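Reminder, nothing fancy here: chain letters follow the sequence lines and each chain counts from 1. This is a predicted model, so every value here is computed, not measured.
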Amino acid sequence: MAKGFSLEIKHVDKNSKARYGILHTNHGDVEVPMFMPVGTLATVKTLSPEELKQCGAGVILANTYHLSLRPGEDIVNEAGGLHKFMNYPGPILTDSGGFQVFSLADNRQITEEGVTFKNHLNGAKLFISPERAIEIEEKLGADIAMSFDECCPYPVTHEYMKNSVDRTLRWAKRGKIAHTKEDQALFGIVQGGEFKDLREYCAKELVKMDFDGYSIGGTSIGEPKDVMYKMVGYAVSYLPEDKPRYLMGVGSVDEILDGIEKGVDMFDCVLPTRIARHGALMTSKGRVNIRDKKYERDFTPLDDECDCYCCKNYTKAYLRHLYKCDEIFGKRLLSIHNIRFLIHMMEEAREAIKEDSFVEFKRNFLNKFNDERGF
RNA sequence: GCGGUUGUGGUGAAGUGGUUAACACAUCUGGCUGUGAACCAGACACUCGUCAGUUCGAUUCUGAUCAACCGCC
């Protein structure tokens with residue numbers, strides 16, 4: 001177990017598997033379940049650390065692959081690590097780059113040793129192995145590092161997935177051996193696609209290796225929602241109670257609430273920040289596209305139930321105006337809102353869990369959220 | 001007053017004697033899930049200044065007319 005890192009489960013909902021707890025890290029304690037904003041290039045796009053704090057953010061993400069390309073992990077290391085480099089005092093988690101190899105690399109060749117591919121910036125050949133990923137992550141110095149995994153597309157055959165899972169397990173083991181930074185937690189990633197036996201197998205094998213936490217990977221890659229819900233259920237059921245569970249890359253309101261109900265503690269997703277930059281907002285009454293003409297003369301807040309800086313001070317008409325003029329302040333305000341919306345939802349979810357009313361909370365939240373339009 | 005040039009959607013414009021008038025921007029509507037993304041997809045000219053002529057058929061050719069711009073007196 002990494003020094004200074006532990007999960008303290010305070011309460012489990014009596015009517016579901018939802019759990020409330022405190023995650024202790026070397027950069028502060030954070031409550032779970034939680035939503036973690038994504039800051040791939042050592043910045044949550046458009047937001048300052050102060051604004052993230054105002055939104056109630058705890059852990060934020062950064063990315064191994066991207067930061068190793070620019071500015072390079074050695075520079076971050078020289079700067080004193082990610083926290084100092086980007087002036088973020090809270091806990092940071094780095095993704096390993098496994099997903100990026102899957103989602104944006106050209107010409108990737110997967111071998112037992114690792115993955116060779118052309119990077120997305122200039123097409124230069126790159127090689128990432130489990131050991132190399134750990135080397136980068138240790139230099140970046142986040143509180144939580146992820147294992148280097150293989151993320152398969154959807155769908156693949158059982159046979160293909162079995163081979164992939166076995167490789168991911170061998171890579172997890174190699175990464176664990178290579179990992180020596182004592183004050184950095186390391187998570188294993190459960191793969192296995194939609195196959196129950198493979199999710200079970202992968203989870204159980206990872207647990208034997210005794211990671212500081214476990215992620216569920218290979219979701220939100222184009223599979224139907226009901227398939228994703230099953231994948232999460234399969235994986236979570238074989239994970240230990242006393243370790244954090246992290247559903248990677250999720251997501252939307254309904255998926256997060258489903259994950260919490262199944263016992264997931266941590267979520268991350270680019271969705272709130274990306275769609276905010278494109279004018280789409282999550283509100284208590286559902287989705288709002290701020291670019292729509294109907295908001296031209298709407299002088300009410302985006303979400304009258306939201307306590308964020310944007311909703312407290314600005315109107316839809318103004319936000320639409322900023323969006324139409326492509327003003328960066330608009331993207332910032334909308335990003336603040338979406339981040340705050342999800343974090344606020346998590347705060348309410350935690351309160352509901354403490355009162356054993358999570359199932360009811362989820363039902364009410366979704367009913368209201370889908371009232372106007374689904375998401 | 002005379003001579004010339006140009007008139008295509010909200011804008012900048014391409015183009016052709018023959019069933020759907022290129023493209024871009026703007027506008028409108030969707031989408032975005034471990035962020036190569038101020039991105040992607042779709043919609044948008046009852047019609048090519050107006051009137052007449054030639055033609056089986058004209059936005060495309062001809063004439064007149066109107067308008068804008070440029071020269072000259």
Side-chain angles (χ1 to χ4, degrees), chain A residues 35-47 59-67 69-70 93-106 117-124 126 133 137 142 144-152 154 187 189-191 213-225 228 231-232 246-256 258-259 264 266-282 287-296 320 322-332 334-335 338 342 373-375:
Chain A
F35 177 77
M36 309 182 287
V38 180
T40 304
L41 286 159
T43 169
V44 177
K45 294 187 194 305
T46 76
L47 300 194
V59 178
I60 63 167
L61 261 71
N63 191 277
T64 298
Y65 165 77
H66 291 277
L67 291 174
L69 287 177
R70 290 185 305 197
L93 181 155
T94 43
D95 189 20
S96 64
F99 184 78
Q100 283 61 48
V101 168
F102 157 75
S103 68
L104 50 84
D106 278 334
F117 58 98
K118 289 184 174 178
N119 81 46
H120 69 277
L121 292 179
N122 57 15
L126 251 168
E137 294 194 271
I144 304 169
M146 302 303 301
S147 295
F148 187 68
D149 63 330
E150 181 188 356
C151 186
C152 292
Y154 175 87
F187 281 28
I189 303 176
V190 180
Q191 291 288 353
Y214 299 91
S215 303
I216 300 158
T219 62
S220 297
I221 50 173
E223 78 282 13
K225 284 201 187 220
M228 196 201 96
M231 292 179 182
V232 176
Y246 163 28
L247 178 53
M248 307 183 82
V250 172
S252 64
V253 166
D254 52 349
E255 291 163 350
I256 289 174
D258 180 81
V264 175
M266 305 157 69
F267 302 84
D268 82 282
C269 196
V270 305
L271 196 64
T273 41
R274 178 182 289 168
I275 67 175
R277 273 178 275 125
H278 297 163
L281 294 313
M282 300 166 169
R287 180 180 179 123
V288 165
N289 284 349
I290 201 62
R291 50 184 182 235
D292 287 358
K293 194 171 178 61
K294 60 185 170 186
Y295 302 120
E296 195 174 28
R320 179 176 195 270
L322 292 181
Y323 182 84
K324 298 302 261 184
C325 297
D326 202 18
E327 282 291 343
I328 49 182
F329 186 49
K331 296 179 197 311
R332 186 161 135 219
L334 296 176
S335 295
N338 270 357
L342 281 184
R373 191 162 74 190
F375 202 63

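- Between the OH atom of A:Tyr295 and the C1' atom of B:U29 there is a distance of 13 Å, given to the nearest Å.
- Nucleotides B:U55 and B:C66 have their C1' atoms positioned 26 Å apart, rounded to a whole Å.
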_Strand RNA chain B as a dot-bracket string - pairs counted if Watson-Crick or G-U with both distances under 3.5 Å, | where the partner lies in another strand_ = ((((((((.[[[..)..(....]]].(((((.......))))).....[[[[[..)....]]]]]))))))).
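- Put simply, the side chain of A:Asp149 and the base of B:G34 share a donor and an acceptor less than 3.5 Å apart.
- Using cut-offs of 30° and 60° for the angle between ring planes, the A:Tyr246 and A:Phe187 rings count as perpendicular.
- Listed candidates were B:G34, B:U33, B:C32. Nearest to the side chain of A:Ser96 is B:G34.
- Side chain of A:Glu255 to main chain of A:Lys225: no donor-acceptor pair is present (N/O by atom type, distance under 3.5 Å, no hydrogens or angles).
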Output one line per pair: protein atom, nucleotide atom from nucleotides 37-41 of chain B, and distance, for all N/O pairs under 3.5 Å.
from	atom 1	to	atom 2	distance (Å)
B:A38	OP2	A:Arg277	NH1	3.4
B:A38	O2'	A:Asp326	OD1	3.3
B:A38	N3	A:Asp326	OD2	2.9

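- A donor-acceptor contact under 3.5 angstrom links the side chains of A:Asp254 and A:Ser252, judged on distance only.
- In this entry the distance linking CE of A:Met231 with P of B:U33 reads 15 Å, nearest Å.
- Here the nucleotide nearest the side chain of A:Asn289, chosen from B:G30, B:C32, B:G34, is B:G30.
- With rounding to whole Å, A:Lys294 atom NZ is found 8 Å from B:U29 atom P.
- In this structure, the side chain of A:Asp95 does not engage the main chain of A:Gly98 through any donor-acceptor pair within 3.5 Å.
- Note: CZ (A:Phe35) to P (B:U33) measures 13 Å, nearest angstrom.
- Every residue meeting the side-chain contact (heavy atoms from CB on, under 4.5 Å) condition with A:His278, not counting sequence neighbours, appears here in chain and number order: A:Arg274.
- Residue whose closest nucleotide on RNA chain B sits further toward the 5' end, between A:Met248 and A:Lys293: A:Lys293.
- Between the CZ atom of A:Arg320 and the P atom of B:A26 there is a distance of 14 Å, given to the nearest Å.
- Counting any heavy atom pair closer than 4.0 Å across all strands shown, A:Ile221 reaches no nucleic acid atom.
- As rounded to whole Å, 9 Å separates atom P of B:G34 from atom CG of A:Asp95.
- Here the separation of B:A14 from B:U8, taken at their C1' atoms, is 10 Å to the nearest Å.
- Comparing the same atom, C1', in B:C56 and in B:G49 gives a spacing of 27 Å after rounding to whole Å.
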*Yes or no on side-chain contact (heavy atoms from CB on, under 4.5 Å) for A:Ile221 and A:Phe102, after CA distance, side-chain angles and deciding distance?*
CA-CA 10 Å; A:Ile221 50 173; A:Phe102 157 75; 3.7 Å; yes
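- Partners of A:Arg320 under the salt bridge (Lys or Arg N to Asp or Glu O under 4.0 Å) rule, at least two apart in sequence or in another chain, do not exist in this structure.
- A distance of about 25 Å separates the C1' atoms of B:U65 and B:G57, rounded to the whole Å.
- Distance from the side chain of A:Arg287 is smallest to B:G31 among B:G31, B:C28, B:U33.
- Taking atom P in both B:A13 and B:U20, the straight-line distance is 27 Å, to the nearest Å.
- As rounded to the nearest Å, B:G10 and B:G4 have C1' atoms that lie 31 Å from one another.
- To the nearest whole angstrom, the two C1' atoms, one in B:G12 and one in B:G7, are 15 Å apart.
- Contacts of A:Asp268 with the nucleic acid, taken as non-hydrogen atoms under 4.0 Å apart, involve only primed sugar atoms and P, OP1 or OP2.
- The 5' end of RNA chain B is approached more closely, in terms of each residue's nearest nucleotide, by A:Glu296 than by the other of A:Glu296 and A:Asn63.
- Judged as a salt bridge (Lys or Arg N to Asp or Glu O under 4.0 Å), and not counting sequence neighbours, A:Glu327 has no contacts.
- Residue-level contact check: A:Gln191 touches the bases, meaning some heavy atom is under 4.0 Å from a base atom.
- In this entry the distance linking NZ of A:Lys324 with P of B:C25 reads 14 Å, nearest Å.
- Remark: P of B:U33 and OH of A:Tyr154 are 17 Å apart, rounded to the nearest angstrom.
- A:Gly279 comes within 4.0 angstrom of no nucleic acid atom, judged by non-hydrogen atoms across all strands.
- Counting non-hydrogen atoms under 4.0 angstrom, A:Thr273 reaches a base of the nucleic acid.
- Between the A:Ser96 side chain and the A:Ser147 main chain, a donor and an acceptor come within less than 3.5 Å of each other.
- Of all heavy-atom pairs spanning A:Ser335 and A:Thr273, the tightest one is OG-O, 4.1 Å.
- A:Lys331 meets the salt bridge (Lys or Arg N to Asp or Glu O under 4.0 Å) test with A:Asp326; sequence neighbours excluded.
- Nucleotides B:G18 and B:A58 place their C1' atoms 9 Å apart, quoted to the nearest Å.
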